[in-house]
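Here the structure is a predicted model, which is why all the values come from computation and not from measurement. Labels below follow one simple rule: chain letters A, B, ... track the order of the sequence lines, proteins then strands, and each chain is numbered from 1.
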Amino acid sequence: MTCNSAGRFCLSLIENDRVVSKNSKHFNQILSQSIASGLFQDPFVSSKLLLLSLSLSDSNANNLHFPHTLFSQIQNPNIFAWNFMFKAYSHSNTNSNSNTTASPQQCISLYNLMRRRFGLFPDRHSFPFLFKACARLSLSHKGQELHSLTFKLGLQHDVFVQNALLSMYSFCGLLHNARQVFDEIPLSVRDVVSWNSMVSGCIQGRCYWDALKVFDEMLKCDVNARPDGVTLINALTACARIGFLDMGRKIHGLLVRNEFVLDVILGSSLVDMYAKCGQMEHARKVFDTIPDKNVVCWTCLIAGYAHSHLFKESIELFREMQARRVTADAATIACVISSCGHSGALDQGRWVHTHCERSGIHFNLSVKNALIDMYSKCGDIQRALKIFHALNLTERDVFSWTAMITGLALNGLSDEALNLFSQMEMSGGIVRPNEVTFLGVLSACSHTGLVDKGFHYFNHMTQSYNLKPRIEHYGCMVDLLGRANLLAEAERFISAMPIQPDVVIWRSLLFASGSHGNIELAEFSAKRIEELEPKKCGARVLLSNVYASASRWSDVKNMRKSMALQRIQKLPGCSFIEIDGVVHEFFVADDSHCQMDPIYETIIQINKVIQAEGFDPKI
DNA sequence: TTAGGGTTAG
């Protein structure tokens, strides 16, 4: 075959991309003929062959070895060839360190090579890939260097370049720079990608209100960018994160009016928004209309029920998901296990645990943390400890430590809880305790009456970790002082609080003063509760119990009478227990259970045993 | 005569 005929042959086949790109045999034939004929050194032919080799290697995940070798054989690659390589590497896997697999780092290395050895400049097509690589590697300095270069090359007004640039900045956590780039894009030029990138950038930077402000601006501007599915998904995500129901509803209305197709992603975002805003009926309604529901969609609703403290519904929905043969993943499992923990459904939790082990679902840290929490809450502290200790020191995050410390405190193992907290602090500062960790620590102190230690940790939290105590921390301190019969100190502590005490705090003081016979303080606390919750009867019930324990029967009678006059009815207290996967509920003076007689008989026996051991319900 | 951006939900 002569050079000309070979050239014509190659070109004709190259033109027919669809045939060649699916058949590596054809490709190899063309490649060898182009090399043999010398046609490979033609810039158009070599870059076209490179593009074809890349399309063939697409199915071969993350292995760009062959295209790279081909590229290295091109003596003077043109800008097309460079850009094809930039594109391939910028999209490749970030967590590959070996030399044989591709990584975005190689995009940057190739770029440096292009500049230094070939003296070439990138063009408008190169920049989006280069910025993408910088973003994925968090190379903000390199990104800034490239940003300057866009000015030198007069490409600073190209909307593709600007959009990629602003995404790069928000990916690197430089939201301010991203916003600046966004503001510099003229309204007439901004397209839907510019707006979406800015909204998504704000979400990445956890600035949800800003994200919604940009979205709102987009709706008002309406120049040449109408919101698309991605815009609405982003906006719904922002609403979900801050629980902004009004805006979420507005977006729902917008997508209905504009006849958006409710695909599984948009549908899940909507379910998640309603669920996070506590609107479970709406969440369920939307969920039921989504075709081809996947695991994310189911998990949104399961998590929503858990978020609204509807743990039973959350577990039931998981069962329904199982029945529909949708495979759960780690996020679903972590959520269901947490619901089991909160509802005391130990058997169900155990079943989910075993089910995961059998079905090979990956036990990530969230699942392990949820298991620690569930076993602790259900009283199987040994099992919780076993899971916790199986975690390496470097594996444990703040949730693992907090779940275990709180679990130990909850099970009355205060010394162990405080020891574990010391270990956490001594673990080299890998994990810093947060506000919730300190709640566990303070409750451990409270359960064993360690007043001095409680104050030590309360100060330690603010002074060493700069954590601002929340109302719950003040509540723990009042509880601690109250239980230790330091009622005057508790009162002084409440008056000195920088935030308004809530009903929990007053209830804690009422309970403590009642237990220690300080009726005056109990009455004072009850008044504060009534001021905060005039329609509820909790304070009066507690106070009437206090009067009863002091044998002040006329006061008890008056209290009940005033409640009856104001038609206040006490909601009966309720507790529950799970046996063989069934949750049994018990109300005060409840005799509806089919095994009531043996249950009461057992309670009487238990009381006899613990009273013989010195138990006094007043203390 | 080749090519470009936002991967968005738990």
Test side chain to side chain contact (heavy atoms under 4.5 Å, CB included) applied to A:Leu137 and A:Ser90, A:Cys107, A:Pro104, the passing residue: A:Pro104

Given atom CZ of A:Phe260 and atom P of B:dA9, what is their separation to the nearest angstrom? 16 Å

To the nearest angstrom, how far is A:Gln204 atom CD from B:dT8 atom P? 8 Å

Give one of base, sugar-phosphate or nothing for A:Thr231, where a contact means two heavy atoms less than 4.0 Å apart. nothing

Is there a donor and acceptor pair closer than 3.5 Å between the side chain of A:Asn83 and the base of B:dG4? no

Can you say whether the rings of A:Phe80 and A:Phe84 are parallel (under 30°), tilted (30 to 60°) or perpendicular (over 60°)? tilted

Report the distance from atom CG of A:Leu50 to atom P of B:dT2, rounded to the nearest whole Å. 16 Å

Report yes or no: is there a donor-acceptor pair, N or O only, under 3.5 Å between the side chain of A:Ser268 and the base of B:dA9? yes

Sugar-phosphate only, base, or nothing, as touched by A:Val295 at under 4.0 Å among non-hydrogen atoms: base

Look at all strands and tell whether A:Ala331 reaches a base, only sugar-phosphate, or nothing, counting heavy atoms closer than 4.0 Å. base

Check: B:dG6 base within 3.5 Å donor-acceptor of A:Asp191 side chain: no

What's the closest nucleotide to the A:Lys276 side chain, out of B:dG10, B:dG6, B:dA9? B:dG10

Contact class for A:Arg190 vs. all strands (heavy atom < 4.0 Å): base, sugar-phosphate, or nothing? nothing

side-chain N/O A:Lys48 vs B:dT1 OP1/OP2, d < 4.0 Å: no

Whole angstrom is fine here: how far is it from CG in A:Asp42 over to C1' in B:dT2? 12 Å

What's the closest nucleotide to the A:Asp272 side chain, out of B:dA9, B:dT1, B:dG4? B:dA9

Look only at the side chain of A:Glu184 and the backbone of A:Val181, and say whether a donor-acceptor pair between them is shorter than 3.5 Å. no

Please list, in numerical order, the residues of residues 117-141 of chain A that have a heavy atom closer than 4.0 Å to any atom of DNA chain B. A:Asp123, A:Arg124, A:His125, A:Pro128, A:Phe129, A:Lys132

When the distance from NE2 of A:His91 to P of B:dA3 is rounded to whole Å, what number comes out? 15 Å

Could you check whether the side chain of A:Thr299 and the base of B:dG10 have a donor-acceptor pair of N or O atoms closer than 3.5 Å, going by distance alone? yes

By the 4.0 Å heavy-atom rule, please label A:Lys293 as base, sugar-phosphate, or nothing. nothing

Whole-Å distance separating the CE atom of A:Met85 from the C1' atom of B:dA3: 14 Å

Judged by atom type as modelled, is there a donor-acceptor pair below 3.5 Å linking the side chain of A:Ser92 to the main-chain atoms of A:Tyr89? yes

Counting heavy atoms from C-beta on, name the nucleotide in B:dG4, B:dG10, B:dG6 closest to the side chain of A:Asp158. B:dG4

Indicate whether the side chain of A:Asn434 and that of A:Thr437 have a donor and an acceptor atom separated by less than 3.5 Å. yes

Donor-acceptor pair under 3.5 Å: do we get one between A:Ser47's side chain and the base of B:dT2? yes

For A:Phe215, run the side chain to side chain contact (heavy atoms under 4.5 Å, CB included) check against A:Asp210, A:Thr231, A:Asn234 and tell me which one passes. A:Thr231

Among side-chain atoms of A:Tyr169 and A:His176, is any donor-acceptor pair under 3.5 angstrom? no

Whether A:Ser314 side chain and A:Leu310 backbone form a donor-acceptor pair below 3.5 Å: no

Counting only side-chain N and O atoms of A:Ser200, is one of them less than 4.0 Å from OP1 or OP2 of B:dT7? yes

Tell me what A:Val199 touches on the nucleic acid: a base, only sugar-phosphate, or nothing, going by heavy atoms under 4.0 Å. nothing

Side chains of A:Gln279 and A:Arg284 only: does a donor on one sit below 3.5 Å from an acceptor on the other? no

Whole Å only: how far is the CD1 atom of A:Ile265 from the C1' atom of B:dT7? 8 Å

Taking only the side-chain heavy atoms of A:Val264 (C-beta and beyond), determine which of B:dA9, B:dG6, B:dA3 contains the nearest atom. B:dA9

Quick one: the side chain of A:Asn234 and the base of B:dG6, do they pair up donor-acceptor inside 3.5 Å? no

Let me know the distance between CG of A:Asn78 and P of B:dA3, rounded to the nearest Å. 13 Å

